[in-house]
Amino acid sequence: MTESEPLPAEATSPRADGGAYEFPGCHPIRITRDEIADYDGRYEYWEARTETAWEVNEPTSPYHELPSQRLARLSDRIAAIRGSPIETFGTSDLLVRDAKGARHSILQADQILYLNPGRSQPPGHAVEIGQDDLPDVILEVDLTTDVRRGKLAIYESWRFPEVWVDVPDERSPSTGKTRPSTLTIYLLEDGRYRTAPASVAFAGWTAAEIHKAMNERDCSAETVAVLTRVGRVLGERLGTGPDDDPFLGVQRRESRAEGERAGATKVFEVMQLLGARDIAISQALIDARDLIVEAPLPALQRAAIDCADGDDFLRRLKALT
């Protein structure tokens, strides 16, 4: 492939209504129809009509990549609580073909998410508009760009159901802070985007909660509680839960088995103490197994040593729980 040629044009592309899509923070370069299939650079949008791609001015940096990578990890945690996978594909091509099947235009998203990948994820190298199921959520990270002036209108015209736009807390000194750090959720209603306080796809996960989680260096206890809440609601809709997750399910089963073994050991020790004092093991004591398992062992041992008989031990046991 030949090196892309810089273009002197403004970073805009004509719209069907006579206006123009704008791509602030980008510069246009020429990439031919033959070259675009193998082009591995990052750009916001490419159109066949002019063989132009709008490439981001600033090089890719951790400041830009971290939020989308963190969202992938957060989605994995929600998926574990829900008990079924969520797929994140990172930077992906969203492709429109013309009537002859040739590439007509391509939009590159920062992150795409499929909440039910077994039924809906795209089979090929790109999401083909009009052919594949669209992602449940698109994430755009506005570090040096502003998707509201171009890409968002294209997403709307292609009818993507939910788009998140995050302006990160952490930015390089060169980018500055011309916009406040925040996350905005756009939901498609009657063919138009409206801003919303919370996600529909992620069951009420609010914009403020998402932004906080994506911009934390370490996952806070508050965020863990939020992810658990969202995962549980999503799981209730599907009839799944943590036990259905291949990793979390194993850990939970092992934990329960360990708890059962520890409980059995505790019951055995208490019965041994009572037996050593010639206190008969009645059916009432056997039926109190669950109470014995719940009570702290030192208190159980003291009750078994101090009690006058089996009935007295049961009274002491109930006082402990």
>> Evaluate F313 against I279 for side-chain contact (heavy atoms from CB on, under 4.5 Å), listing each step before the verdict.
In response: CA-CA 10 Å; F313 175 78; I279 295 174; over 6 Å; no

>> Go through it in stages, so that I can follow the logic: the residues are Y43 and I36, the test is side-chain contact (heavy atoms from CB on, under 4.5 Å), and I'd like the CA-CA distance, side-chain angles, deciding distance and then a yes or no.
In response: CA-CA 11 Å; Y43 56 88; I36 192 61; 3.7 Å; yes

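- A distance of 11.5 Å separates NZ of K151 from CG of D146, quoted to the nearest 0.5 Å.
- Using a 4.0 Å cut-off between charged side-chain N and carboxylate O, E140 and R148 make no salt bridge.
- Of the inter-residue distances, the one linking S105 atom OG with Y21 atom OH reads 9.0 Å to the nearest 0.5 angstrom.
- Nearest heavy atom pair, residue R217 against residue R70, reads CA-NH2, 3.9 Å.
- Not a single donor-acceptor pair under 3.5 Å links the side chain of Q108 to the backbone N or O of S92.
- If you chain together hydrophobic residues whose side chains sit under 4.5 Å apart, L71 and F160 never meet in one group.
- Residue P135 comes nearest to V127 through the heavy atom pair CD-CG1, 4.3 Å, listed as atom of the first residue, atom of the second, then distance.
- Side chain of R33 to backbone of H104: no donor-acceptor contact under 3.5 angstrom is found.
- When side chains are defined from C-beta on, V230 counts as touching L234, because their heavy atoms get closer than 4.5 Å.
- In this structure, V56 and H27 have side chains that are not in contact, with every pair of non-hydrogen atoms separated by 4.5 Å or more.
- Residues L238 and S84 have side chains in contact (heavy-atom distance under 4.5 Å, counting atoms from C-beta outward).
- Between L187 and V200 there is a side-chain heavy-atom pair separated by less than 4.5 Å.
- The two residues C307 and L274 make their nearest non-hydrogen contact at SG-CD2, 3.9 Å.
- In this structure, L143 and P168 have side chains that are in contact, with non-hydrogen atoms separated by less than 4.5 Å.
- Here the side chains of V163 and L152 are in contact, with some heavy-atom distance below 4.5 Å.
- Of the charged side-chain nitrogens involved, at least one lies within less than 4.0 Å of a carboxylate oxygen, so that D312 and R316 count as a salt-bridged pair.
- When atom types are taken as modelled, the side chain of D244 and the backbone of T240 share no donor-acceptor pair closer than 3.5 angstrom.
- Taking 4.0 Å as the cut-off between side-chain N and carboxylate O, E209 and R229 count as a salt-bridged pair.
- R82 contributes a side-chain N or O that, together with a main-chain N or O of P85, makes up a donor-acceptor pair within less than 3.5 Å.
- The nearest pair of heavy atoms linking D136 to P161 is O-CG, 4.0 Å.
- Ring to ring, F89 and Y114 are close: their centroids are under 6.0 angstrom apart.
- Atom OH of Y45 sits about 13.0 Å away from atom SG of C26, to the nearest 0.5 Å.
- Atom CZ in R97 sits 4.0 Å away from atom CD in E128 (nearest 0.5 Å).
- Cluster membership check: I185 shares its hydrophobic cluster with L115, using side-chain heavy-atom separations under 4.5 Å among Ile, Leu, Val, Met, Phe, Trp and Tyr.
- Of the charged side-chain nitrogens involved, none lies within less than 4.0 Å of a carboxylate oxygen, so that D309 and R277 do not count as a salt-bridged pair.
- Taking 4.5 Å as the limit, some side-chain heavy atom of T145 sits within range of a side-chain heavy atom of E44.
- Under a hydrophobic clustering in which Ile, Leu, Val, Met, Phe, Trp and Tyr are joined whenever their side-chain heavy atoms come within less than 4.5 Å, directly or via other members, Y186 and V141 fall into different clusters.
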>> Set out, in order, the CA-CA distance, both residues' side-chain angles and the distance that settles side-chain contact (heavy atoms from CB on, under 4.5 Å) for I138 and L94, then state yes or no.
In response: CA-CA 11 Å; I138 293 278; L94 311 173; 4.0 Å; yes

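- Taking the charged nitrogens against the carboxylate oxygens, E55 and R42 have no contact shorter than 4.0 Å, which rules out a salt bridge.
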> Going through the distances and angles, do Q111 and Q69 end up as a side-chain hydrogen bond (donor to acceptor under 3.5 Å, both in side chains)?
Replying inline: CA-CA 8 Å; Q111 183 66 274; Q69 295 302 314; 5.7 Å; no

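- Remark: the backbone N or O of I31 is paired with a side-chain donor or acceptor of W46 at under 3.5 angstrom.
- Salt bridge annotation for E216-K212: present, with a cationic side-chain nitrogen under 4.0 angstrom from a carboxylate oxygen.
- A side-chain donor-acceptor contact under 3.5 Å links K266 to the backbone of A295.
- Linking ILVMFWY residues whenever their side-chain heavy atoms come closer than 4.5 Å, directly or via other members, places I286 and L320 in the same cluster.
- Side chain of T223 to backbone of C219: no donor-acceptor contact under 3.5 angstrom is found.
- Judged purely by atom type and a 3.5 angstrom limit, D166 has no side-chain atom pairing as donor or acceptor with the backbone of H211.
- A salt bridge is absent between E189 and R159: the closest approach of a Lys/Arg side-chain nitrogen to an acidic carboxylate oxygen does not fall below 4.0 angstrom.
- L107 and V165 fall within the same hydrophobic cluster, defined by Ile, Leu, Val, Met, Phe, Trp and Tyr side-chain heavy atoms under 4.5 Å apart, directly or through other members.
- Listed for the E35 side chain is a donor-acceptor partner under 3.5 Å among the backbone atoms of T32.
- Between W164 and W205, the angle of the ring planes goes over 60°, which puts this pair in the perpendicular group of the 30/60° scheme.
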>> Please determine whether side-chain hydrogen bond (donor to acceptor under 3.5 Å, both in side chains) holds for the pair H125 and D93, giving the CA-CA distance in whole Å, both sets of side-chain angles, and the decisive distance to 0.1 Å.
In response: CA-CA 8 Å; H125 297 292; D93 286 353; over 6 Å; no

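- Between L183 and V167 the shortest side-chain heavy-atom distance does not fall below 4.5 Å.
- Counting all heavy atoms, side chain and backbone alike, S199 lies closest to E162 at OG-OE2, 2.5 Å.
- Between L300 atom CG and L273 atom CG the span is 9.5 Å, to the nearest 0.5 Å.
- Taking both residues in full, the closest heavy atoms of D132 and A126 are given as OD2-O, 3.4 Å, listed atom of the first, atom of the second, then distance.
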